[in-house]
Amino acid sequence: MIGLRKRDRSLSNDGKSGSSAYSGKRLKVEDTRGNEAEHRSLKTQEIRTAEDTEILPGEEGLSEFERRRLKNLRDNAKFFEEMGIFKAKDAFRELSEKPKVKPTERGLKRGAVKPEPLPRRAPSLRLQNKDPAGEELPERPTIFVEPTEEHPRKASGPLTMCETLKNAEENTETSHNNFLSSLKTLGEGKEKKSVKVESSLENFLKACKRMKLHEDRVAKVVKDRIFSVAVHPSETRVFVCAGDKWGKIGLWDVESKEGDDGVFLYEPHSRPVNCMFFDPSNASRLYSCSYDGTIRRCDFNKAVFDELYATPEEDSNRCSGFDFLDASNLVVSHSDGDVGLVDIRTKGLAAEHMYQCHRKSVKTINVHPVKKHYFLTGSTDGNACIWDIRQMKDKKPVSVDTLPHGRNLSSAFFSPQTGKFIVTCCVDDRLRIFEGSTPGEYKQRCSTRHNNHTGRWLTPFRFMWHPSREDVIVTGSMDRPRRIELFDTSGHLIHTFTDGDYLGSVCSINAFHPTRNILVGANSSGRLHVFM
DNA sequence: AAAGCATGTTTCC
DNA sequence: TGGAAACCCTGCTT
C-alpha cells in the first residue's frame, strides 16, 4: 500500500507539475536504477534536437529550452492519456479510497485495563529448566522472551467472573452485579427446542436483505484481534461473545446499557481464544478453548469459569479447537497435530486418549452432526480427514476419508443438519465443497475462487455454516467495500452484507443465530458487528 | 535453516 | 490533520 501510494504520487508529478522536462525518458532511466550519466547525456541530446520546436501562440518570447520543455509536457500528457494512465489512476484512487467508516466508540472504552493480579499456576518443570525427574538442567541461552513467559497460563482450577473482570471503569461493581443477575435469566429463557427453520433459501435471502447494521450494533467487545465468536441461542435477547488474542472473552448484551454499553470483559485465558460454543444442551454454559492449552466452561449461574481440560505443558501443545461428541465427551484438536478425547465428568484435567492424527497443526475439528462417531479435522498439512472414533485403537490412527488440498487448510466443517456436505477454506484461495453420503465416499462437488489472503495481521477466514441450514455458508471477505458473504452449496455467492456507515473493516470470523435472523461479524481489532 | 516479506486497522503524535 | 508506528506465533519464498 505504501509502495503503491508513492508510485501514484510520482506519476502525478511527472504528468502535471512539470518538475522535469524529461519525465518520459526519465521513467526509462529510473527503470534502469537511475544512472546519472545516462540521464545527463539524454538531456544534452534533447536540447540539441529542440531546433524544430514550433513556436505556438502564447509561447513567444520563451527560450527554446522553455518551449521544448512545454512541448515535452504536452507530449508526455498525451502519451499518458493514450496509455490510459489517468483513467487507471482515477480507478485506482476510487478502489483504494478508504471508506469513511469511523470506528465505533461504543463498547469498551480506551484507557488502562484494571490491573488485576491473578494467582498463577506453578511454573512447569520445563519452565523451571528441570528434566522430568525434577533434576536441574544446564542453563539455556535465552535468545528471545517466549510469549508464555509474558502471558503465563492462569492459575489452574475455577476462576470467578469477578476476579477475571477487566472493564476499565471505576464504578463497575454494581453494574457488574446487575449484569451477573441478568446472565442467570439468559439461560432460563424459553427456547425453541430444536425447531428446524425450514424456510426456503429464497425466503431466507429475502430476510437477509432486510438485515441491517446500526450504530448501536457495533461495539468494541475485546481489546485485541478476535479469534472466535459465538451467538447465544436466546429467542428474546441479543447476546454475543468474542474471544481475543490475549485470552480475553467479551460478553455483549447488545440491547443493554450496563457497563460499557452492555459489554463486560473477562480474562480467563492467557493466549488466543480459538473456539467458543454455547453448550447445545444448556444455554447458560459457554465453552472456550485457548492456545494456552486449556478448555474452560463459563457457567452463568455460578459466575465461574471452570477448567475442564489442560495440556501438561503450557505452550508445547496448544488447543486449537474442540467439539462435543456427546454431553460429556469432547474431541480437542492441538497445534502439534494431535487430537484428544476428553471426558469432562472426570476430576482430572488430562485427556483420556491422545491420537497423532496429523503431521502439522489441526486448525478445526468438527463432529458429524448425525453419525456422532465420525469427526472431521482440517490441518496445515493440507488434508481434511474424517476419523472414526470406534476404529481408533493406535496412537497413530488411520483416517476413514482423506480430502487432499494442495496447501494449508484454515477450516473444514460438516454441514450442520445431515453432514452430507463439507466446506473447506484453503490458502490456495479456494472455497471447496465436498459431498458424500458416508465417510470414505466424499467427492469434491465444486471449487470457487475466494481471496483468503488475510496476511499476518488479520485472523484467517473460516468458512462457517449457518448453524441450522444446509444451504448457507458465511465468510468474511477482502473485497471493498468491506463485506460479509454468503455462499450456497454450489459455490455461488448468494448474498453480501455491507454497510457504508458502520462496516469498514474485514470481518474474518462470523456466526449466525441458530433460529433468528441475526448475524455477527468479528474484525481483527476487537469489534463485533450485529446485522439483524 | 534462517531470514524476509506481505497483508489491514487502529491509535498515536 | 495526515502519516507513521504498532500489531506480530502465519504461510510462503528466497
Review point. N274(A) CG to dC9(C) P: how many Å, rounded?
Key: 11 Å
Practice item. Determine the interatomic distance between C1' on dT11(B) and the same-named atom on dC9(C); round to the nearest Å. Key: 23 Å
Practice item. In whole angstrom, give the distance that lies between atom CG of N452(A) and atom P of dG8(B). Key: 14 Å
Check your understanding: Would W457(A) count as stacked on dC7(C) if the rule is ring centres under 5.5 Å and plane angle under 30°?
Key -> yes
Review point. Has R225(A) got a side-chain N or O lying under 4.0 Å from the OP1 or OP2 atom of dT7(B)?
Key: no
Check your understanding: Within the structure, does a side-chain N or O atom of K223(A) lie under 4.0 Å from either OP1 or OP2 of dT10(B)?
Key -> no
Revision key, fill the gap. Taken to the nearest whole Å, CD1/I226(A) to P/dT10(B) is 11 Å
Revision key, fill the gap. Ranking R456(A) and L409(A) by the position along DNA chain C of their nearest nucleotide, the one closer to 5' is R456(A)
Revision key, fill the gap. Considering only heavy side-chain atoms of N408(A), the closest of dT10(C), dG11(C), dT10(B) is dG11(C)
Exercise for review: Grab the NZ-C1' distance between K220(A) and dT10(B) for me, whole Å please.
Suggested key: 7 Å
Exercise for review: Output yes when at least one side-chain N/O atom of S505(A) is less than 4.0 Å from OP1 or OP2 of dG8(B), else no.
Suggested key: no
Check your understanding: Looking across every strand, which nucleic acid part, if any, lies under 4.0 Å from S524(A) by heavy atom: base, sugar-phosphate, or nothing?
Key -> nothing
Review point. 5'-most contact on DNA chain C: S410(A) or D224(A), nearest heavy atom basis?
Key: D224(A)
Check your understanding: What pair of heavy atoms forms the shortest contact from I226(A) to T459(A), and how long is it?
Key -> O-OG1, 2.8 Å
Review point. CH2 of W246(A) versus C1' of dC8(C): gap in Å, rounded?
Key: 9 Å
Check your understanding: Under 6.0 Å between ring centres, would you say that holds for Y502(A) and H529(A)?
Key -> no
Exercise for review: Tell me yes or no: between the side chains of E485(A) and T475(A), is some donor less than 3.5 Å from an acceptor?
Suggested key: no
**Study point:** Phosphate OP1/OP2 of dT7(B) contacted by N451(A) side-chain N/O (<4.0 Å)
**Key:** no
Review point. Would you say the side-chain atoms of W387(A) and T377(A) include a donor-acceptor pair closer than 3.5 Å?
Key: yes
Review point. In whole angstroms, how far is the P atom of dT10(C) from the NZ atom of K245(A)?
Key: 8 Å
Check your understanding: At under 4.0 Å between heavy atoms, what does K360(A) touch on the DNA or RNA strands: base, sugar-phosphate, or nothing?
Key -> nothing
Exercise for review: To the nearest Å, give me how far apart CG (L458(A)) and P (dA6(B)) are.
Suggested key: 16 Å
Review point. Counting just side-chain N and O atoms, does R480(A) come under 4.0 Å of either OP1 or OP2 of dG8(B)?
Key: no
Revision key, fill the gap. Closest of dC8(C), dT10(B), dT10(C) to the Y291(A) side chain is dT10(C)
Revision key, fill the gap. 5'-most contact on DNA chain B (nearest-nucleotide basis), N523(A) vs G455(A), goes to G455(A)
Revision key, fill the gap. From NE2 of H453(A) across to C1' of dG8(B) the rounded distance in Å is 11 Å
Point to revise | Residue pair S447(A) / R430(A), side-chain donor-acceptor N/O under 3.5 Å | key: yes
Point to revise | Shortest side-chain distance from K363(A), nucleotide among dG11(C), dC12(C), dG8(B) | key: dG11(C)
Review point. Could you state the interatomic distance from NE2 (H232(A)) to NE2 (H513(A)), rounded to the nearest 0.5 Å?
Key: 8.5 Å
